[in-house]
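Only one structure is covered here, and it is reproduced in the block below.
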Amino acid sequence: MTAYAVALKRDQTRLLYHSLPFSLAANALAAIAIVVIQRDAVTHHLLFGWLIATYAILIAGVVLTALWHRRTLSGKQHDPRWLRGYQIYSAVLGLILGLSGALLFPVGDTARQMFLFLVLAGIGAGATTALAIERVSAFSFLILMTFPALARLLVEGGEIAFATLGLAAIFFLYLSASIVRGERSFGDNVRLRVDARIREQSVQKAAAELRAAKEQAEQANQAKSVFLASMSHELRTPLNSIIGFAQMLDMGMVAPLAPPQREPIGHILASGRHLLGLINGILDLASIEAGRLDLVIVRMPLEPVISDAAALTRPAAHQRNIGLHNYCNSETLVRADTARLRQILLNFLSNAVKYNREGGSVDISCARSDESVRIIVADTGPGIDAEHRSQLFKPFQRLGAERTGIEGTGIGLVISRRLAEAMGGSIGFDSQPGEGSRFWLELPLDRSIRSDAAETAPMTACMETPVAPHAEGKVIYVEDNPTNVTVMRHVFRRLPGVELLTAENAEEGLAMIRTNRPDLVLMDINLPGMSGLDALRILKADPVTAAIPVIAVSAAAMPRDIQSGLDAGFRDYLTKPFDVQALLSRIREILQDSRR
């Protein structure tokens, strides 16, 4: 049975039940009225026999009402057997009322005849109104009530009888049409409600499926984030040793290198940094795809950032005899994230150098419009074939460069485009095979008068190597990995005036800090037992140790890890593998401050 048929029967049953008490009361009163009016026109035994039969069927209606109430209490509001019982009840009641028109017919008394038929007409009209929603009950009642009276009029004969018969027939046809229209209208109403219910259920189902899909996607996203964080940590830990020792060898911190030794050490450093760049790129891409990219959009002059990126790229260009020319010298202000803008420009310039020809050139230019500025990086490389252009901004697509000796990951441009869009800008390119390519970044202008100078300090100023000041003091390094401890001991050989103490876990480190009162603490995050974050909170809660500067040195390098660490109170957060020179500079700076 369809949903519509089930709903139709349920609603018919419910409405018939609700109309049943009124039907019982009306028919009981009508029966009494017929008996009272006809008491002198027919024999009493016939009159009371009919009355008893009528009340017997009305009692059956009371039983039907009780059965419905009982089933309602048990939660069964639709029972086909109850509806069939009601149909039988209606047919029998109609027959008994119809027999009143035949058996109680007052021969020769026109007034009482008209009264009797008026009562039957009223009962028929009322029953039609109540029963029109269910055709079987309505027609069985109407037919069985009407035909005995009509048959009696045929037998009676006479002009008045035939006139009454004609009116009764017309009335019967009118009531029949009313029943058909009533049931059709009721059915249409039920169908509309069923359709609305089905649509609502479909919407609810779709919403539930959407919620489930969203939860599943969030769980998958969370699982991916956990995997990436774990992968990053596990790869950064050995890389810290590889890059750290390679830096110290290259700097001559372990022993002076002979010229033939410098080349393999350079390869180790380059390969380690390439792997680190791949890890950082994957983490960046994952953060962007997960919608967790944090940007700090500020007003900033464009030229210093371009100059910084050009200065960082110039050594690589010089190795391949590539001329790098910066023609952007205006004081144009834009709105962007300084670090991310520098990242995009470095990607453009690095690609322009890597995929260029020996002795080629790279030109940086700017084109300004009313609302935006376009930074263009043009190279003289081989260009990009038309069939490869659709793959250019897809992750890990290197367009055949993977078969060459040129290092790369295939995700730099993907990340750059997402970053540009997040800053309200765009990225595009054009290329001529055999002549070169032009990549551009378009950013919205900022027409404010001043720029946020603190955000736009040139990187080149940070890269200058001043004379290293002498540093003295005591430093405690809390680290559970013995190899990382060894790397740090070698680093501190460049700080002869600084005493380095080490602890294998946070609990040992806290005891050592309280005993030795160091000038600086270097703290790993993922420690056995208590974490570095928990240890920091304990130090900050103790007035004796609260002022001791603590730097996080951790392989937990996800953006949320770094932000959590800085929010917790770390003076700085260095990710492994760390840059040795940067670490030494930071240590000297903090120790100098603590001595003032």
If you measure from [atom1] on [X] to [atom2] on [Y], what distance do you get to the nearest 0.5 Å?
| X | Y | atom1 | atom2 | value |
| --- | --- | --- | --- | --- |
| L574 | S554 | CG | OG | 10.0 Å |
| I538 | L533 | CD1 | CG | 11.5 Å |
| D363 | H325 | CG | NE2 | 5.5 Å |
| Q343 | S350 | CD | OG | 12.0 Å |
| L443 | M300 | CG | CE | 8.5 Å |
| R211 | Q216 | CZ | CD | 14.5 Å |

Check: N516 side chain, P518 main-chain N or O, donor-acceptor pair, under 3.5 Å: no
Any donor-acceptor pair under 3.5 Å from R320 side chain to V353 backbone: yes
[X]: which residues meet the side chain to side chain contact (heavy atoms under 4.5 Å, CB included) condition with it, sequence neighbours left out?
| X | value |
| --- | --- |
| S564 | none |
| T380 | N356, R357, S361 |
| N347 | N351, L413, S416 |
| A535 | A506, L510, M523, M530 |

Pair D379-Y355, side-chain contact (heavy atoms from CB on, under 4.5 Å): steps then yes or no: CA-CA 9 Å; D379 64 58; Y355 300 107; over 6 Å; no
Intermediate values then yes/no, side-chain contact (heavy atoms from CB on, under 4.5 Å), V478 and D524: CA-CA 6 Å; V478 184; D524 189 17; 5.9 Å; no
L539 vs I548, side-chain contact (heavy atoms from CB on, under 4.5 Å): CA-CA, chis, key distance, verdict: CA-CA 8 Å; L539 290 174; I548 299 174; 5.8 Å; no
Could you tell me which non-hydrogen atom of [X] sits nearest to which non-hydrogen atom of [Y], and how far apart they are?
| X | Y | value |
| --- | --- | --- |
| D480 | N526 | OD1-O, 3.7 Å |
| P315 | L312 | CD-O, 3.5 Å |
| L441 | A420 | CD1-CB, 3.6 Å |
| L345 | A309 | CB-CB, 3.9 Å |
| V485 | Y477 | CA-CE2, 4.0 Å |
| D337 | I297 | N-CD1, 3.8 Å |

Is there side-chain contact between [X] and [Y], with heavy atoms separated by less than 4.5 Å?
| X | Y | answer |
| --- | --- | --- |
| V553 | E479 | no |
| I427 | I344 | yes |
| F578 | V487 | yes |
| Q247 | D579 | yes |
| Y573 | I525 | yes |
| R342 | T338 | yes |
| L522 | I551 | yes |
| S307 | N326 | yes |

Summary of salt bridge (charged side-chain N to carboxylate O under 4.0 Å, His left out) pairs that have at least one residue in residues 423-435, sequence neighbours excluded: D430-R438
Pairing residues for D572 by the salt bridge (charged side-chain N to carboxylate O under 4.0 Å, His left out) criterion, not counting sequence neighbours: R586
F439: partners by ring-ring contact (aromatic ring centres under 6.0 Å, His included), with sequence neighbours left out: F348, F429
Could you work out, with side-chain hydrogen bond (donor to acceptor under 3.5 Å, both in side chains) as the rule, every residue matching [X], not counting sequence neighbours?
| X | value |
| --- | --- |
| D567 | Q563 |
| S431 | S437 |
| S531 | D534 |
| E215 | none |

Qualifying residue for side-chain contact (heavy atoms from CB on, under 4.5 Å) with V491, from L584, L500, T486: L584
R340/M423 under side-chain contact (heavy atoms from CB on, under 4.5 Å): CA gap, chis, key distance, verdict: CA-CA 9 Å; R340 296 303 190 177; M423 292 188 294; 4.3 Å; yes
side-chain hydrogen bond (donor to acceptor under 3.5 Å, both in side chains): pairs with one or both residues in residues 496-512, sequence neighbours excluded: R489-T502
Within 6.0 angstrom of H318 NE2, more than 12 heavy atoms from elsewhere: no
